[in-house]
Amino acid sequence: MADDELGLDSMFPEPPRPPTPDPTFSIYKREKASGSADDWSELSIRLVGTHPLWGHHLWNSARSIAAYLDNHPDLYADGSVLELGAGGGLPSIVTANNGAEKVILTDYPDADLIKNMEFNVDKNVLPSCKQHVSVQGFIWGTSVQPLLSSLSNTNGFNLIILSDLIFNHSQHDALLNTCEQVLLPHGPQSTPSVLVFYTHHRPHLANRDMEFFTKAQSRGWHCEEILTQKFEPMFPDDPGEEEIRATVHGWKLTRL
């Protein structure tokens, strides 16, 4: 006898699934303005309502690295930029508006994340710069050919952005593998680099976070801390020393 004849659906109904939260918006206010016709003073970054990959937060590291990039356009102006695990895409959007020749935003190939990045590019990148920006799904450590095939005038990137990713301890090797395959080699005119900004959100695992740099150095990377910046902690009720959870660290990695 079929279950529906017994009325099992009415006897053991599934609890109603809660609705997916609506997207939220976070405002990033620029520290400086150029006064040019293409000036922009703030960006409104849409974040998915909730997501298991943490795409529903605008992380302090993203704010910090966006300001750093705004003040250091020499790292990418007229060059190519790749962001891994971009989330809302704030740092990449800053580089696009500041004259990067090509910007590729990537995150896990999840439809909600990809659509949200496309939305933010459409709403925040200056009209004169949109043709230089693309969005892709990408899994760290997999074939980089789709990334490289998006570049027309070069065979690698001048700048790679890693914003609040190294708490994924199991992915350190995958991140480094990808960076090593797509970063342009050092040349007489420029020194391509990887910017790694992060917070120790779990202070008791800070040593595990730092293993990323130990691995990088063992693989021939030069690692230099270039910035620390204090914010309000992302999650005030989390355990661990508040000052550690409130501090963003910025590192620059190069291969000479």
Side-chain angles (χ1 to χ4, degrees), residues 28-32 43 58-100 103 105 140 156-169 171-172 175-176 178-180 182-203 205-234 241 243-256:
Y28 169 78
K29 293 187 177 181
R30 196 181 190 194
E31 295 179 354
K32 65 178 184 177
L43 303 171
L58 182 61
W59 298 85
N60 290 337
S61 292
R63 294 182 179 277
S64 181
I65 198 170
Y68 184 86
L69 291 166
D70 204 14
N71 289 314
H72 295 84
D74 54 294
L75 292 173
Y76 55 86
D78 299 320
S80 51
V81 177
L82 170 68
E83 183 170 5
L84 301 176
L90 171 61
S92 290
I93 291 169
V94 169
T95 66
N97 284 350
N98 281 342
V103 180
L105 294 77
W140 310 331
F157 293 88
N158 299 87
L159 176 67
I160 302 174
I161 300 168
L162 309 183
S163 177
D164 237 331
L165 303 184
I166 65 171
F167 70 88
N168 294 284
H169 302 144
Q171 297 302 304
H172 287 177
L175 286 167
L176 287 168
T178 296
C179 291
E180 289 167 2
V182 301
L183 188 70
L184 283 169
H186 173 72
Q189 302 298 323
S190 65
T191 304
S193 58
V194 179
L195 292 184
V196 184
F197 279 49
Y198 64 92
T199 295
H200 295 302
H201 297 290
R202 301 166 294 178
L205 295 178
N207 63 317
R208 296 284 308 281
D209 297 341
M210 297 306 292
E211 288 176 1
F212 177 84
F213 301 102
T214 302
K215 285 187 175 183
Q217 289 172 330
S218 71
R219 297 167 67 138
W221 291 88
H222 172 72
C223 304
E224 173 190 9
E225 187 168 16
I226 56 175
L227 174 148
T228 58
Q229 186 174 4
K230 298 292 176 58
F231 289 84
E232 292 296 320
M234 289 284 301
E241 187 175 339
E243 181 160 345
I244 294 176
R245 294 185 292 108
T247 302
V248 171
H249 301 266
W251 287 62
K252 183 178 182 180
L253 276 59
T254 54
R255 291 173 70 85
L256 301 181

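Not measured: the values here are computed from a predicted model.
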Measuring centre to centre across the rings, with the benzene-like ring taken for any Trp, is [X] within less than 6.0 Å of [Y]?
X      : Y      : answer
Phe212 : Phe167 : no
His201 : Trp59  : yes
Trp251 : Phe213 : yes

Are any non-hydrogen side-chain atoms of [X] and [Y] less than 4.5 angstrom apart?
X      : Y      : answer
Leu205 : His169 : yes
Leu84  : Trp140 : yes
Phe231 : Thr247 : no
Phe157 : Leu184 : no
Arg219 : Leu176 : yes
Ser193 : Leu159 : yes
Ile161 : Leu82  : no
Asn97  : Thr95  : no

Counting distance only, does the side-chain N/O of [X] pair as donor-acceptor with the main-chain N or O of [Y] below 3.5 Å?
X      : Y      : answer
Ser92  : Gly89  : no
Asp209 : His200 : no
His172 : Lys215 : no
Tyr76  : Leu69  : yes
Ser61  : Ser163 : no

Using a strict cut-off of less than 4.0 Å between a Lys/Arg side-chain nitrogen and an Asp/Glu carboxylate oxygen, indicate whether Arg255 and Glu180 qualify as a salt bridge.
yes
Any idea which heavy atoms bring [X] and [Y] closest together, and the distance?
X      : Y      : answer
Gly88  : Ile93  : O-CD1, 4.2 Å
Ser64  : Leu227 : OG-CD2, 3.5 Å
Leu43  : Val94  : CD1-CG2, 4.1 Å
Pro192 : Thr254 : O-CG2, 3.7 Å

Calculate, to the nearest 0.5 Å, the distance between atoms [atom1] and [atom2] belonging to [X] and [Y] respectively.
X      : Y      : atom1 : atom2 : answer
Glu211 : Ser218 : CD    : OG    : 11.0 Å
Leu162 : Leu175 : CG    : CG    : 6.0 Å
His186 : His222 : NE2   : NE2   : 12.0 Å

Compute whether any side-chain donor of one residue and acceptor of the other, for His249 and Thr228, lie under 3.5 angstrom apart.
no
So, Thr199 versus Asn60: side-chain donor-acceptor pair below 3.5 Å or not?
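No - no donor-acceptor pair under 3.5 Å links their side chains.
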Between Ile166 and Arg208, is a side-chain contact (heavy atoms from CB on, under 4.5 Å) present by the stated rule, with each step listed?
CA-CA 9 Å; Ile166 65 171; Arg208 296 284 308 281; over 6 Å; no
Please assess Lys230 against Glu243 for the test salt bridge (Lys or Arg N to Asp or Glu O under 4.0 Å), listing each intermediate value before the final yes or no.
CA-CA 8 Å; Lys230 298 292 176 58; Glu243 181 160 345; 2.9 Å; yes
I need the single residue from Ile160, Leu195, Val194 that forms a side chain to side chain contact (heavy atoms under 4.5 Å, CB included) with Leu253. Which is it?
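Single pass found, and it is Val194.
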Any idea how Tyr68 and His72 line up, ring-wise: parallel (<30°), tilted (30 to 60°), or perpendicular (>60°)?
parallel
